[in-house]
Amino acid sequence: MRQKVTLIPGDGIGPEIIAATVRVLEAAGAEIDWETHIIGAQALEKQGTTIPDEALESIKRNRIALKGPLTTPVGKGFTSVNVALRKALDLYANVRPVRALPNVPCRYPELDLVIIRENTEDLYSGLEHVVVPGVVESLKIITEKASLRISKYAFEYARKNKRRKVTAFHKANIMKLSDGLFLECFYRAASEYPEIQAEDKIIDNACMQLVMKPEQFDVIVMENLYGDIVSDLCAGLIGGLGLAPGANIGEQGAVFEAVHGSAPDIAGQGIANPTAILLSAIMMLRHIEKHDIANNIENALIEVYKEGKVRTKDMGGNSKTAEFANAVIEKLS
Ligand code: NAI
């Protein structure tokens, strides 16, 4: 059955890796009708808003989007469009699998864990103000509703995907009220899933453990800011940002995107690695029950890595984004 999907090419390397991914999906016979919408800085310039209504409506209608990275100006300018989009659609669960691909030089080739990040609140609420010149206040919002919801999502994910353990990362020793509430909700949710082990770790120790013994973790759940930082750390454990996919999931829909950003340092050169966004598209295909196509593309991708002849620059090769996509297409069955 054909499926409509909203396509957001994004900024920087976004259009390059999205074009490569769309080509692979089409070659695999994914039967998707793409509705392309521009959001972010380009939309602001042309339409006076970073998220035009028709783009939001398209995602709400289709309930599925594949999105390239969007640039957020540092220290000035408009606030993050990614954060705004997640809030507007209440995409509360950010799911980031961390799994190495064969033949990729990395510290933990056997690693297989999943990060579940709360996506709607915490210090990302954007509530900042100047108290007096030289003093600013940034509010960390943690609610029982969002903490319980993300914790339940993590346990539900573990049950569905036959995972054995969920670990909460927090700093409840210092932020006794906010992280304390998050932790309390975590254990409340855990009580409904007796077959899944629940444990918690203070985030600073947890980061050290992740670098030294990451195989002890299975599913990890945490607040927004910790999740943002820890998922980049985990991408580093399996070979870099070019390989880490993600999904933002809520009741109203799901937006699939790579963990990495718009990589302005390599944009426009056609050398970005499309693997992370392709893996995100594979997650999307599974979400819409196109399992055979997802498996076909995943196997082809794994074959390309196993063979090791076609590699992008970040993987030590000199193949272009488009050449990498061609190699995956050639391996499709
Ligand atoms: P970044 O992830 O864009 O880049 C970090 C480093 O990784 C750079 O050296 C880049 O060249 C490399 N890299 C990233 N993706 C790659 C790929 N697919 N292939 C090869 N190399 C890759 O992070 P940075 O520089 O901190 O952020 C740039 C912009 O992206 C910022 O405006 C930031 O706000 C935005 N951003 C957007 C995200 C999103 O749309 N979901 C997520 C993260 C950042």
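When a ligand or atom number is given, it counts from 1 through the structure's own listing order. Hydrogens, waters and symmetry mates play no part in the numbers below; they use all other heavy atoms, side chains included.
Side-chain polar atoms of Q3 and W34 form no donor-acceptor pair below 3.5 angstrom. Counted by atom type alone, N248 and Y92 present zero donor-acceptor pairs between their side chains at under 3.5 Å. Donor-acceptor pairing under 3.5 Å is lacking for the side chains of S319 and T312.
If you look at D314 next to ligand 1, the close heavy atoms, those under 4.0 Å, all belong to the side chain. Within the 4.0 Å heavy-atom criterion, the part of E257 lying near ligand 1 is the side chain and not the backbone. Neither the backbone nor the side chain of P73 comes within contact range of ligand 1; no heavy atom lies under 4.0 Å.
Residue D265 places a heavy atom under 4.0 Å from ligand 1. Residue K67 places a heavy atom under 4.0 Å from ligand 1. For A276, the heavy-atom gap to ligand 1 stays at 4.0 angstrom or more. Not a single heavy atom of T275 lies less than 4.0 angstrom from ligand 1.
Atom 33 (C) of ligand 1 has its closest protein heavy atom at T72 N, 4.2 Å. For atom 44 (C) of ligand 1, the closest non-hydrogen atom on the protein side is G261 CA, 3.3 Å. Among all non-hydrogen protein atoms, the one lying nearest atom 3 (O) of ligand 1 is A263 N, 2.8 Å. Of all protein heavy atoms, the one closest to atom 30 (O) of ligand 1 is S262 N, 3.0 Å. Regarding atom 15 (N) of ligand 1, its nearest protein heavy-atom neighbour is H260 CG, 3.2 Å.
Salt bridge K171/D179: absent, no basic N to carboxylate O contact under 4.0 Å. Salt-bridge formation is not detected for the pair E144/R149: no Lys NZ or Arg NE/NH1/NH2 atom is positioned less than 4.0 Å from an Asp or Glu carboxylate oxygen.
For ligand 1, the atoms lying closer than 4.0 Å to a non-hydrogen atom of L70 are 35 (C), 36 (N), 37 (C), 39 (C), 40 (O). Of all atoms in ligand 1, numbered sequentially from 1 with element shown, those under 4.0 Å from a heavy atom of V259 are 42 (C), 43 (C). The ligand atoms of ligand 1 that sit less than 4.0 angstrom from a heavy atom of N82 are 37 (C), 38 (C), 39 (C), 40 (O), 41 (N). Using a 4.0 Å cut-off to heavy atoms of L241, the atoms of ligand 1 that qualify are 2 (O), 5 (C), 7 (O). Every atom of ligand 1 with a heavy atom of P264 under 4.0 Å away is listed here by number and element: 28 (C). The ligand atoms of ligand 1 that sit less than 4.0 angstrom from a heavy atom of T71 are 32 (O).
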Report task. Mind running ring pair (Phe, Tyr, Trp, His ring centres under 6.0 Å) on F182 and Y226 for me, showing each step along the way? Result -> CA-CA 13 Å; F182 182 83; Y226 304 148; 8.3 Å; no

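Taking the six-membered ring where the residue is Trp, Y193 and F155 present parallel rings, their angle staying beneath 30° rather than reaching 60°.
Listed by chain and residue number, I17, A20, A272, P274 satisfy the side-chain contact (heavy atoms from CB on, under 4.5 Å) test with T321 (two or more places apart in sequence, or in another chain). In this view, N161 and Y157, R163 satisfy the side-chain contact (heavy atoms from CB on, under 4.5 Å) rule, not counting sequence neighbours.
Note: I142 CD1 to L181 CG = 7.5 Å, rounded to the nearest 0.5 Å.
F324 has its ring centre less than 6.0 Å from the ring centre of Y305.
On a distance-only criterion, I17 and ligand 1 share no N/O pair closer than 3.5 Å.
With hydrogens and angles disregarded, a donor-acceptor distance shorter than 3.5 Å links the side chain of K320 to the backbone of Q269.
Within the 4.0 Å cut-off (strictly below), no protein heavy atom is located near atom 27 (O) of ligand 1. For atom 1 (P) of ligand 1, the protein comes within 4.0 Å by at least one heavy atom.
Residue nearest to atom 21 (N) of ligand 1, selected from I13, T312, N273, I266: I266 (by heavy-atom distance).
Side-chain contact between E223 and H170 is absent, with no heavy-atom pair separated by less than 4.5 Å.
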